[in-house]
Structure formats: structure tokens, C-alpha cells
Amino acid sequence: MVEATEKLTKKSEDPSRWYLDLIRMAKLADYGPVRGTFAIRPYGFAIWERIQCDLDGRFKATGHQNAYFPLLIPESYLKKEAEHVEGFDPELAWVTIGGREELEEPLAIRPTSESIICDFYRNWVQSYRDLPILINQWCNVLRWEKVTRPFLRTAEFLWQEGHTVHATAEEAREEALKMLNIYRDCFYEAMALPVLTGIKSPSERFAGAVETYTCEGLMGDGRALQAATSHDLGQNFARAFDITFLDERQERVYPYQTSWGLSTRTIGGLILVHGDDRGLKIPPKLAPVEAVIVPIWRGKNKAEVRKEAEALYSELKGSGFRVEVDLDEEHSPGWKFNEHELRGVPVRVELGPKDIEKGQVVLVRRDTGEKEFVGRRGMPESLRALLAEIQENMLHQATEFRNANTRRAETYQKFKEIIEEKRGFVIIPWDGTEETEARIKEETKATIRFLPFEREEGKDPVSGRMGRTAVFARAY
RNA sequence: CGGGACGUAGCGCAGCCUGGUAGCGCGCCUCGUUCGGGACGAGGAGGUCGGAGGUUCAAAUCCUCUCGUCCCGACCA
């Protein structure tokens with residue numbers, strides 16, 4: 001018998017190909033005509049909408065409001081913060097012609113919006129009574145990337161960028177940390193991604209920030225992925241863009257700012273962490289479809305099974321589930337099982353003649369593949385409980401993996417071995433110098449992912465000098 | 001941006017070396033039979049061979065350039 005449909009490449013055989021196959025086969029995204037551009041297809045976008053919904057709720061709950069700023073940024077604006085331009089210059093795309101006429105000033109397509117937003121903030125911030133300003137925008141940005149991969153690194157991508165202004169340095173720092181924790185909570189609670197948080201080393205810091213905080217995830221292949229960052233901008237941008245306000249003592253002072261972002265890259269992280277040889281595995285809270293009902297019928301009882309399946313669908317939908325019923329008559333149940341597993345639907349509900357007879361349904365969970373028979377009557381409760389269990393189990397599995405792949409190295413030799421053979425996060429004290437950091441990167445391809453918040457001193461195995469522990473990994 | 005590989009139907013590929021009317025599998029459409037882990041039969045649609053030049057009576061095939069994709073390195077959410 002010939003294989004009826006294309007098989008997904010095994011994750012273990014060729015992870016890179018697996019990743020690309022999966023995105024195509026699960027209809028998450030499709031390549032665009034310009035390098036690094038992609039269409040996010042409805043199913044992929046639905047996942048993004050779930051992330052948006054969760055995060056947006058958390059932003060609003062902490063007093064932030066959404067707004068929208070221009071896509072085009074005049075060159076002169078971008079140039080105001082020296083480090084900032086320098087950091088982004090190599091990846092800017094420029095608009096130089098409008099209506100067939102050369103523009104007086106080139107316009108950059110935003111790679112991030114600090115500069116244009118600061119220009120508005122200069123006018124919006126006049127008094128301490130205007131502060132804090134807590135604004136977020138959901139938008140697309142463009143960075144002229146040389147090497148691109150769907151979701152993980154695309155030229156154009158979707159994200160949210162928060163931009164806040166505060167009266168004091170402490171407030172700004174607190175805000176940056178607060179948002180980092182919001183990201184962390186969203187990763188743990190909604191995405192089942194057990195990210196670690198910490199501080200970026202100066203070389204990995206956002207261009208123009210005084211401190212960058214990060215959420216770092218560990219992918220299935222042992223490489224790290226920067227999943228979200230939150231920046232304490234200090235007064236750097238305020239000074240560059242001349243944002244000032246009169247404080248309570250009637251003195252004109254510069255405010256302190258933050259910015260923080262999470263992008264569609266996160267979807268790539270979800271795929272890499274949870275996916276397996278059968279395909280995607282979406283945590284229930286993020287799944288566009290929490291459960292799919294697959295009716296199993298034979299010629300003679302098709303009508304009856306169909307009717308039961310539709311009734312169950314209505315009932316579950318009525319109970320608030322994101323549910324789908326697969327009434328397609330062209331494919332066999334087996335084909336449907338594979339298809340929905342590929343798409344990562346957390347629970348499959350099988351309903352056939354035998355089940356109807358016994359007043360039951362079959363629940364099959366995507367995370368473990370386990371089957372259970374539950375009474376038709378108590379369906380909504382059973383499903384709710386199972387989804388919660390899957391959500392928990394997925395986080396648990398990912399956490400176990402992360403823990404098992406987070407190691408301490410006593411010597412530089414040991415460090416190299418772990419990075420080479422096992423990968424994962426490797427913890428060693430770092431003397432704080434750029435030279436040591438660069439040497440490690442040069443020799444092992446590992447970079448400092450972050451410095452843990454809990455400060456810990458030790459002897460740097462590379463230089464022999466004392467320093468603070470840092471978490472290293474090869475990164476995406 | 002360096003080093004390598006590859007662009008032929010929606011997807012995976014053959015054909016290219018040795019130029020001569022573009023093929024296979026899956027998918028897609030129609031009809032019928034099927035349906036508890038990727039069903040089967042019979043019909044059918046679909047390609048300016050990534051693009052531009054060149055060589056030739058003739059180019060998917062040979063040459064040059066260009067764009068794109070993938071893998072490995074340097075830069076980045």
C-alpha cells in the first residue's frame with residue numbers, strides 16, 4: 001500500500017526540516033515573494049490572536065492602553081539617539097520615493113518605534129501630572145535580516161511594543177521588571193513555556209537602553225530562544241529627544257522610560273518546545289481549537305452518528321469550548337486523527353456507533369496519546385478537567401526538560417563539552433569583561449543568555465577572575 | 001555577508017551529463033463504493049521548467065548574470 005499523504009519529517013532526524021515541514025503542513029504560514037516575508041495563515045494567526053488576547057488582558061489589567069504610531073520614521077529622528085541608530089542601521093529598510101518623486105528626507109520603515117514615539121511624547125509630557133504614560137502598540141515592524149526562518153526570524157514580523165514614561169528612575173525600573181514578569185506569567189500560564197528570566201550582558205543589551213531584562217526559553221534541540229525583552233531606557237531617549245517635564249518642585253527634568261516587546265517569534269518557540277514527530281502540540285489555553293469531534297460512521301448509521309456528533313458539538317460550544325466537528329466525508333477517521341494531531345489540537349473526541357450505544361465518548365489527549373472513555377452525560381466537565389490537566393502536563397514536561405538541560409560547569413573544559421555534546425543552559429561565573437564573553441563565543445558559539453537576578457559570586461573558569469554567575473547557551 | 005547545495009504542477013521529485021513536442025507519486029476536481037489510526041476504482045484539470053540575456057535551425061537541458069530557498073559560519077526579537 002502506498003502512503004496516502006506526505007509524512008512529516010521526524011524531529012530527531014532533521015529538526016530544521018521538521019520545523020519547516022510542520023509549518024507548511026499545519027498551514028501556519030507560507031513564504032512571501034520578498035526574502036523574509038511570510039503570510040501567517042488563519043490557523044497560525046489564530047494562535048497569535050490567542051497570545052494577543054492573553055497578553056493584552058494582562059497589559060490592561062496593569063493600567064496600560066493601546067495606541068498606534070506611524071510606520072514611517074524620518075531619518076533625522078532615528079539619528080537622535082546615537083547608540084540606537086548604530087544598533088539598527090544595518091537592518092533598516094528605507095523609503096526614498098513617494099509618488100514617483102525623490103523624497104527630501106529618507107523615511108525608515110520602523111524596526112522598532114522608540115524614536116517616533118519619543119517625538120510624540122515630547123509634546124505629551126509637560127508636567128509630572130502627565131506621568132506615568134503607559135502605552136502599548138500592536139503592530140508590524142521590519143528589519144532587513146540576512147538569514148530568515150518562519151516565525152523565528154522574519155524580516156517583517158508582528159509584535160507588541162510597550163513604551164512608558166515615568167517621573168523617577170525607580171518607577172521606570174519597576175515598570176520594566178513588572179512587564180518582564182507579565183511576560184513570564186504569560187509564558188508559564190498560557191503557553192506552557194518555562195522561560196527563565198534575567199539581565200542581559202551589556203553586549204546583548206538593547207541599543208540605547210541602560211538595562212535589558214529577558215525571558216529565555218530552551219528549545220527541544222537544546223538551543224536558547226530569546227522570547228521577550230523588557231528595557232529600562234533610563235533618560236537616554238528623553239535626553240536625545242528632549243522630553244522634559246516640570247516636577248513638583250517646579251524644576252524642569254528629564255523623565256525615565258521603558259520599552260518592552262514580544263513578537264510572533266514566540267510561535268516559533270511554541271512549535272520548537274512542544275512539537276513532536278506527529279506535529280504540533282498546542283497548549284489548551286492557546287489552542288484555537290481545544291477539542292475536535294471526529295464522528296465514526298458506517299453506511300447504515302451515518303445519519304445517526306452525524307446527528308449525535310452535531311448535538312455534542314452544540315452542547316460543547318454552548319458550554320464555552322472552542323470546539324470543532326469534522327464532518328468531512330471524503331476522509332477516513334484515521335486520516336482525520338493524523339490531521340488533527342498534526343495541527344496540535346489538544347483533545348480528540350471520537351464518537352461512533354459503539355459509543356452511542358454505551359452512552360459514552362472517547363477522549364484522546366494530544367500530549368500523551370492516552371485514550372479514555374467518559375460518559376456522554378458528563379462530557380463538559382470531563383473535557384474541562386482534561387484540558388486543565390493537559391495544560392499542566394505540558395508545562396511540567398517542558399520544565400523537566402529545561403531542568404534536565406540546565407547544568408553547572410566547574411571548568412572551562414567541562415563547559416565546552418556540555419555546550420558541544422548536550423547543549424542546553426550552562427551556568428558559570430563570568431568575570432564581567434567583554435573579552436571573556438567574546439572569547440567564549442568565539443570558541444564555543446555560546447553566548448550569555450542572561451545574568452540571573454539572584455546574584456551569585458564565583459571564579460570565572462575562563463579567566464580565573466572573580467565574577468557573577470551567568471547562564472550561557474547557543475541561541476537561535 | 002562568506003562557504004556549500006538546490007530552484008521543473010499546490011507538495012515531493014525524475015528528466016539536464018549526451019539540446020529535438022515536459023513526466024511520476026501525492027494532493028486537487030467529478031462519479032461511485034468506503035469509514036474505530038493516513039480506504040479503493042474510474043474519469044479529469046493543472047506547468048511561459050525562478051527571472052533576464054546569450055549560443056543554436058532548435059534550450060528545462062549548454063554559457064553569463066540575477067532573484068529566491070535550504071544547510072554551515074559572521075550580525076539580530
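If you're wondering where the values come from, they're calculated on a predicted model, not measured in any experiment.
- The side chain of A:Lys302 places no N or O atom within less than 4.0 Å of a non-bridging phosphate oxygen (OP1 or OP2) of B:C35.
- One atom, CD of A:Glu216, and another, C1' of B:A77, lie 10 Å apart when rounded to the nearest Å.
- One atom, CZ of A:Arg35, and another, P of B:C1, lie 8 Å apart when rounded to the nearest Å.
- Taking side-chain N and O atoms only, A:Lys358 has no distance below 4.0 Å to OP1 or OP2 of B:G36.
- The gap from the P atom of B:G23 to that of B:A5 amounts to 30 Å, rounded to the nearest Å.
- We find that the ring of A:Trp335 and the base of B:A39 do not stack by the test of centres under 5.5 angstrom and planes tilted less than 30°.
- Under the Watson-Crick and G-U wobble criteria, each requiring two contacts below 3.5 Å, nucleotide B:A9 is left unpaired.
- Contact detail for A:His274 and A:Met191: the closest heavy-atom pair is NE2-O, 2.9 Å.
- The aromatic rings of A:Phe450 and A:Phe425 lie perpendicular to each other, with more than 60° between the two planes, well past the 30° mark.
- Mapping A:Ala207 and A:Gly32 onto RNA chain B by nearest heavy atom places A:Gly32 at the nucleotide closer to the 5' end.
- Here, B:A22 and B:G41 have their C1' atoms 28 Å apart, quoted to the whole Å.
- Going from atom CD of A:Glu145 over to atom C1' of B:G68 covers 17 Å, rounded to whole Å.
- Nearest to the side chain of A:Asp355, among B:C35, B:G36, B:A77, sits B:G36.
- The side chain of A:Ile296 approaches B:C35 more closely than any other nucleotide in the set B:C28, B:G73, B:C35.
- Residue A:Val362 is classed as a base contact, given a heavy-atom separation below 4.0 Å to a base.
- In this structure, B:G27 forms no base pair with any nucleotide, since neither Watson-Crick nor G-U wobble geometry is met with both distances under 3.5 Å.
- Taking atom CG of residue A:Asp30 and atom P of nucleotide B:U69, one finds them 13 Å apart after rounding to whole Å.
- With salt bridges taken as basic N to acidic carboxylate O contacts below 4.0 Å, one links A:Arg348 and A:Glu341.
- The aromatic rings of A:His231 and A:Phe206 lie parallel to each other, with less than 30° between the two planes, well short of the 60° mark.
- Remark: B:U33 base-pairs with B:A39. Criterion, Watson-Crick or G-U wobble with two distances under 3.5 Å.
- Toward the 5′ end of RNA chain B lies the nearest nucleotide of A:Ser332, the other residue of the pair A:Ser332 and A:Glu204 mapping further downstream.
- With hydrogens and angles ignored, a donor-acceptor pair under 3.5 angstrom links the side chain of A:Glu341 to the base of B:G37.
- Using a 30° and 60° split on the angle between ring planes, A:Phe157 and A:Trp159 fall in the perpendicular class, above 60°.
- Which of B:C1, B:C70, B:G38 sits closest to the side chain of A:Pro150 comes down to B:C70.
- Checked against B:G36, B:A77, B:G38, the side chain of A:Arg143 finds its nearest nucleotide in B:A77.
- Judged by distance alone, the side chains of A:Ser113 and A:Glu161 do bring a donor and an acceptor atom under 3.5 Å apart.
- Here, B:G68 and B:U55 have their P atoms 27 Å apart, quoted to the whole Å.
- Under the Watson-Crick and G-U wobble criteria, each requiring two contacts below 3.5 Å, nucleotide B:A45 is left unpaired.
- Across all strands shown, B:A77 remains unpaired; no Watson-Crick or G-U wobble contact has both distances below 3.5 Å.
- Heavy atoms of A:Pro295 sit nowhere under 4.0 angstrom from any nucleic acid atom.
- As the counterpart of B:C62, B:G54 is assigned, both hydrogen-bonding distances of the Watson-Crick or G-U wobble pattern falling under 3.5 Å.
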